[in-house]
Amino acid sequence: MDPYDTPESTPRHGASSRLKDYFIGATPLWKRLESVRKQASFVPTPPRRKIPQCSQLQEDNDPQKFAFLLHKQWTLYSLTPLYKFSYTNLKEYSRLLSAFIAAEKQKGLAVEVGEDFNIKVTFSTLLGMKGTQRDPEAFLVQILSKSQLPSENRGQKVLWTGWFCCVFGDSLLETVPEDFTCVPLFLANGAETNTAIVGTWFQETFDCHFSSLAINAFNLSWMAAMWTACKMDQYMATTEFLWSVPCSPQSLDISYAIHPEDAKALWDSVHKTPGEVTQEEVDLFMDCLYSHFHRHFKIHLSATRLVRVSTSVASAHTDGKIKILCHKYLIGILAYLTELAIFQID
Amino acid sequence: MVFPASLGSGLPKQSLGQLRSAVQTVLERVHSEPSTGAWRSPLSLVGTEDALLQQLADSMLKEDCASELRVHLARSLPLPSSVDRPRIDLIVFVVNLHSKYSLRNVEESLHHVDATFFLGKAAFLATGAGRESHCSVHRNTIVKLAHTYRSPLFFCDLEIEGFRATMAQRLVRMLQICAGHVPGVSALNLLSLLRSSETPAPEDL
């Protein structure tokens with residue numbers, strides 16, 4: 001920062017231009033501070049969202065490729081950006097993680113007779129699981145058990161699956177420096193202990209932080225509206241809502257099931273702007289359901305807490321559990337969840 | 001009010017004396033010490049969360065206040081007109097962010113409030129913001145509502161003892177100002193002080 005290094009320009013000009021570069025946001029840290037400051041000041045909720053459509057990137061892919069992700073219950077976590085994660089080192093990571101898991105499992109645990117400790121970990125990328133070209137590739141981690149017995153021809157059984165993805169994560173990608181990979185959404189299926197072990201390894205190796213992603217009633221009602229709005233050729237499941245009434249000694253649960261075509265008809269009567277979903281439409285949709293229920297049962301559902309929403313597209317629980325039933329709207333669902341994860345990280 | 005000595009000459013002595021004493025009593029009433037109890041200052045808490053309102057009212061009554069403090073609880077407005085009640089100095093609308101019903105209730109009650117209350121004698125209190133996972137009303141909805149009515153908005157988790165006690169202190173102080181017991185500050189002064197210069201006007205939203 002010595003201004004006398006540049007003899008051709010005057011010292012004052014040199015110093016001030018360097019100072020200007022320093023202050024006018026070239027550094028990612030500054031961009032991050034700016035975005036946090038904008039959010040801390042008064043920013044209204046985005047009152048409109050696009051109805052989830054098939055993304056361009058996904059249409060090229062075989063829907064069967066992601067079939068193994070459907071119909072499984074996933075627990076959601078948000079994840080801060082990973083430091084120095086490289087897609088070329090996946091084999092190395094699988095080796096390290098298997099060693100770590102084997103070490104953890106042998107720590108002071110009683111070994112049952114016949115239990116097989118041969119565990120294999122695989123890392124693989126999921127191509128096409130992203131919104132824009134800028135999003136980093138999604139990747140999958142699986143813990144498989146290798147069977148010792150030669151008689152078993154099946155080979156490997158999947159014990160635990162977890163995948164990391166980022167769909168339309170532009171707001172986070174802009175503010176993050178070079179060495180970081182942003183995959184804010186993590187979904188896990190399998191034993192809790194395995195999730196904890198994998199999480200610990202990632203936190204130690206890539207200096208990141210996991211936190212479980214809860215979905216509050218406000219976001220659940222948005223999901224209900226968006227998924228009801230999706231055009232489906234056939235409905236596989238009824239549309240169902242579950243509310244929890246806080247009362248002593250035990251809380252009551254109220255379950256409300258609607259025929260999916262009726263729900264779609266209701267949504268179509270409420271929906272005005274094509275291609276977008278607004279806050280007013282979501283509120284109106286839910287208010288129609290509440291008033292219908294009130295007319296019959298004289299209970300104000302709006303005073304209770306929405307806990308679970310289940311449609312033919314997907315179902316979500318407030319504890320951060322999701323089950324995706326339809327591959328067509330996978331990207332849309334992931335986009336919304338990514339947004340929630342990014343919001344939690346911030 | 002100062003009576004020039006020359007005024008006294010035109011009127012008979014008795015009526016002047018009566019006039020003087022009348023003026024004197026009025027002046028006394030305006031500047032009376034709050035401890036005389038001549039002025040009562042009720043505050044009205046409006047909201048659906050009965051248990052929380054009761055707890056807040058109890059905390060407020062525990063506060064040390066020179067004048068007699070009255071707290072009136074109501075589920076919704078309008079209040080029944082048959083009851084004879086003293087003038088209300090401050091209305092606090094309590095909204096629970098976990099329940100859309102409480103927001104609707106407050107929105108409907110607002111229609112029944114006289115416009116003069118929004119010159120510093122009304123406030124909004126949002127509770128439950130701490131437990132984000134239970135919220136079904138977005139924070140910005142209540143912020144917009146407070147902006148529309150140009151009234152201050154407080155966030156306080158009424159379920160937590162410490163926060164409730166602090167909020168009660170704040171409300172008692174606000175009530176004293178709105179009732180006119182604090183010399184030099186009026187409700188309207190307080191309103192303009194509370195309104196932050198950073199937040200934009202509702203037209204910009």
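Since the model is a prediction, treat every value here as computed from it, not as a measurement. The analysis underlying the following values was restricted to heavy atoms, covering all of them including side chains, and did not include hydrogens, waters or symmetry mates.
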Note to self: Please check this pair: side chain of A:Glu281 against backbone of A:Lys272, looking for a donor-acceptor N/O pair closer than 3.5 Å.
What the structure shows: yes
Note to self: Between B:His134 and chain A, with a heavy-atom cut-off of 4.5 Å, which part of the residue counts as in contact: side chain, backbone, both or neither?
What the structure shows: both
Check: Under a 4.5 Å heavy-atom cut-off, does chain A meet the side chain of B:Arg104, its backbone, both or neither?
Finding: side chain
Check: Side chains of A:Ser78 and A:Ser211: is there a donor and an acceptor less than 3.5 Å apart?
Finding: yes
Check: Are there more than 12 heavy atoms of other residues, nucleotides or ligands under 6.0 Å from atom OH of A:Tyr256?
Finding: yes
Check: Are A:Lys264 and A:Asp268 ion-paired here, with the side-chain N under 4.0 Å from a carboxylate O?
Finding: yes
Note to self: With a 4.5 angstrom heavy-atom cut-off, is it the side chain or the backbone of A:Ala214 that approaches chain B, or both, or neither?
What the structure shows: side chain
Next item on the list: Report yes or no: does A:Arg308 contribute a side-chain atom to a donor-acceptor pair with the main-chain N or O of A:Phe241 at less than 3.5 Å?
Entry: no
Check: Are A:Phe186 and A:Phe202 near enough that their ring centres are under 6.0 Å apart?
Finding: no
Margin query: Using 30° and 60° as the class boundaries, would you call the ring planes of A:Phe210 and A:Tyr77 parallel, tilted or perpendicular?
Written below: perpendicular
Checklist line | chain B contacts, top residue of A:Ala303, A:Ser244, A:Ser221 (heavy-atom pairs, under 4.5 Å) | finding: A:Ala303
Check: For B:Ser133, is it the side chain, the backbone, both or neither that has a heavy atom under 4.5 Å from a heavy atom of chain A?
Finding: both
Next item on the list: Please flag which part of A:Thr304 lies under 4.5 Å from any non-hydrogen atom of chain B: side chain, backbone, both or neither.
Entry: backbone
Next item on the list: Using heavy atoms and a sub-4.5 Å threshold, report which of residues 283-296 of chain A line up against chain B, by residue number.
Entry: A:Asp283, A:Met286, A:Asp287, A:Tyr290
Check: Between atom CG of B:Leu53 and atom CG of B:Leu125, what is the distance when rounded to the nearest 0.5 Å?
Finding: 9.0 Å
Notebook entry, point to check: Under the salt bridge (Lys or Arg N to Asp or Glu O under 4.0 Å) test, which residues partner A:Lys321, sequence neighbours left out?
Noted result: none
